[in-house]
Undergrad: 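This is the structure, below, for whatever I ask next.
Letters A, B, ... are given to chains in the order of the sequence lines, protein chains preceding strands, and every chain is numbered from 1.
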There are 2 protein chains.
Amino acid sequence: MSRLKHTKQFPAADHDHKTCIAHALQEAEAYCKQRGLRLTELRRRVLELIWANHQPVGAYDLLEQLTHEGRKAAPPTIYRSLDFLMQSDLIHRITSLNAYVGCNHPGLNHAAQFFICEDCGQAAEMDDAKIESAIAKDAKRLGFTVEKRTIEVAGICAHCKHHSNT
Amino acid sequence: MSRLKHTKQFPAADHDHKTCIAHALQEAEAYCKQRGLRLTELRRRVLELIWANHQPVGAYDLLEQLTHEGRKAAPPTIYRSLDFLMQSDLIHRITSLNAYVGCNHPGLNHAAQFFICEDCGQAAEMDDAKIESAIAKDAKRLGFTVEKRTIEVAGICAHCKHHSNT
DNA sequence: AATGTTACGTTATATTATAACAACATCCCA
DNA sequence: TGGGATGTTGTTATAATATAACGTAACATT
């Protein structure tokens with residue numbers, strides 16, 4: 001009965017970002033291999049860029065980053081990769097930002113909630129069972145079958161709050 | 001301490017839609033008068049169209065409806081009216097649909113949640129204190145100051161579920 | 001009426017995303 | 001191992017959503 005309650009806290013300012021990218025990529029590769037999903041060169045690079053940006057990033061930003069490193073790319077190039085990565089549960093789309101972010105529990109197909117800082121742009125991914133069960137209860141009362149949830153909370157993170165009163 | 005728990009259930013098939021539009025417009029006018037907000041001809045008509053559509057409706061759909069009735073209108077025309085109506089808490093934007101829908105409790109500036117039927121396109125507006133408090137608790141734990149919530153659940157409503165097994 | 005403010009009209013453009021089809025790569029198995 | 005099926009990427013064009021910038025008109029107040 002125990003449900004996961006991971007929280008990717010807003011990352012500490014001094015965390016080892018290179019390691020966290022590498023870890024995410026390793027996990028993605030293992031996951032795709034296990035499931036027979038084709039994490040091609042392009043898809044791998046897009047995923048890597050998303051993690052490297054370290055916060056939700058737009059499709060056209062990614063596109064520009066790809067072309068700047070010499071690859072021929074047009075919008076469909078990036079959107080197809082994003083579609084693959086989303087279907088494979090390796091990234092999430094943040095609807096309220098039209099932006100994409102790496103998933104913290106790849107392949108889990110969990111119901112994620114996001115807390116998005118309007119100042120620094122970072123997004124914290126949560127999986128709060130209480131929110132999920134409250135929604136489930138409402139849905140039951142309505143006779144509504146839930147397919148997709150979009151739970152996004154915008155505001156100011158603790159770090160930015162403490163550093164804005166200069 | 002009692003918090004509202006309104007539910008605009010998915011409207012019954014036989015509800016009196018004309019009355020519900022008229023009622024919404026009356027409320028909006030009273031509300032704007034009381035607050036000194038200028039519900040101009042254009043804004044009033046946009047609000048009326050939104051209610052008349054009876055489900056979340058896109059900006060360009062509204063634009064077309066306006067032009068079809070002879071009014072000169074370009075995108076800014078409609079977006080400015082939508083901005084006014086949102087700021088005045090008379091409509092909501094449904095982020096996941098890029099669409100706009102009439103608010104059931106005008107001026108209340110409440111935290112709304114939406115259950116959106118992917119079949120019929122109707123959206124039910126809720127205000128579930130449990131969801132709200134779960135989010136507040138997470139925010140507190142993160143030290144996060146909440147500004148805006150986007151809570152949208154897509155799926156199939158009871159009515160469509162019962163009528164799809166033909 | 002003069003003035004400031006708000007709303008609206010108008011043109012252009014930004015931003016996000018998809019359609020359609022051709023070229024290429026990979027897989028599978030007969 | 002060759003050849004068709006499938007899946008991936010390239011390419012061009014365009015759709016869908018939203019905003020910038022600036023001028024004009026309406027309105028409100030004095």
Undergrad: A:N98 side chain N/O closer than 4.0 Å to the phosphate oxygens (OP1, OP2) of C:dT15?
TA: no

Undergrad: Nearest heavy atom decides the nucleotide; on that basis, is B:R38 or A:G58 closer to the 5' end of DNA chain C?
TA: B:R38

Undergrad: In terms of side-chain heavy atoms of B:T40, which of D:dG10, C:dA7, C:dT18 is nearest?
TA: C:dA7

Undergrad: Could you tell me the separation between the CG atom of B:L97 and the P atom of C:dT16, rounded to a whole number of Å?
TA: 19 Å

Undergrad: Decide yes or no, distance alone: a donor-acceptor N/O pair under 3.5 angstrom between the base of D:dA18 and the side-chain of B:Y60.
TA: yes

Undergrad: For A:F84 and for A:P76, locate the closest nucleotide of DNA chain D by heavy-atom distance; then report the residue assigned to the nucleotide nearer the 5' terminus.
TA: A:F84

Undergrad: Whole angstrom is fine here: how far is it from OH in B:Y79 over to P in C:dG9?
TA: 16 Å

Undergrad: Give a yes/no on whether any side-chain N or O of A:T77 is located under 4.0 angstrom from OP1 or OP2 of D:dT9.
TA: no

Undergrad: Tell me the interatomic distance from A:R71, atom CZ, to D:dT8, atom C1', rounded to whole angstroms.
TA: 12 Å

Undergrad: Out of curiosity, B:I50 CD1 to B:I78 CD1, how far, rounded to the nearest 0.5 Å?
TA: 7.0 Å

Undergrad: What is the distance, to the nearest angstrom, from the CD atom on A:Q87 to the P atom on D:dT8?
TA: 10 Å

Undergrad: Is the backbone of A:T95 close enough, under 3.5 Å, to the side chain of A:E152 for a donor and an acceptor to pair up by distance?
TA: yes

Undergrad: Given C:dT16, is OP1 or OP2 found less than 4.0 Å from the side-chain N or O atoms of A:Y100?
TA: no

Undergrad: Is the phosphate of C:dC8, meaning OP1 or OP2, less than 4.0 Å from a side-chain N or O of B:R43?
TA: yes

Undergrad: As a test of understanding, state which of A:R44, A:R43, A:R35 forms a salt bridge (Lys or Arg N to Asp or Glu O under 4.0 Å) with A:E29.
TA: A:R44

Undergrad: Just by modelled atom types, is the A:Q55 backbone N or O under 3.5 Å from a matching donor or acceptor in the A:N53 side chain?
TA: no

Undergrad: Base, sugar-phosphate alone, or nothing: which one does A:R80 contact when heavy atoms must sit under 4.0 Å apart?
TA: base

Undergrad: In this structure, how many angstroms lie between the P atom of D:dT17 and the CE atom of B:M86, rounded?
TA: 14 Å

Undergrad: Would you mind reading off the distance between A:I94 atom CD1 and C:dT16 atom C1', rounded to a whole angstrom?
TA: 16 Å

Undergrad: Between atom CG in A:L63 and atom P in C:dT18, what is the gap in whole Å?
TA: 14 Å

Undergrad: Return the value, rounded to whole Å, for the distance between atom CG of B:L37 and atom C1' of D:dC27.
TA: 16 Å

Undergrad: With the side chain of A:P75 defined as its heavy atoms from C-beta on, choose the nearest nucleotide among D:dG7, C:dC8, C:dT18.
TA: C:dT18

Undergrad: So does A:V57 get a backbone contact from the side chain of A:D61, meaning a donor-acceptor N/O pair under 3.5 Å?
TA: no

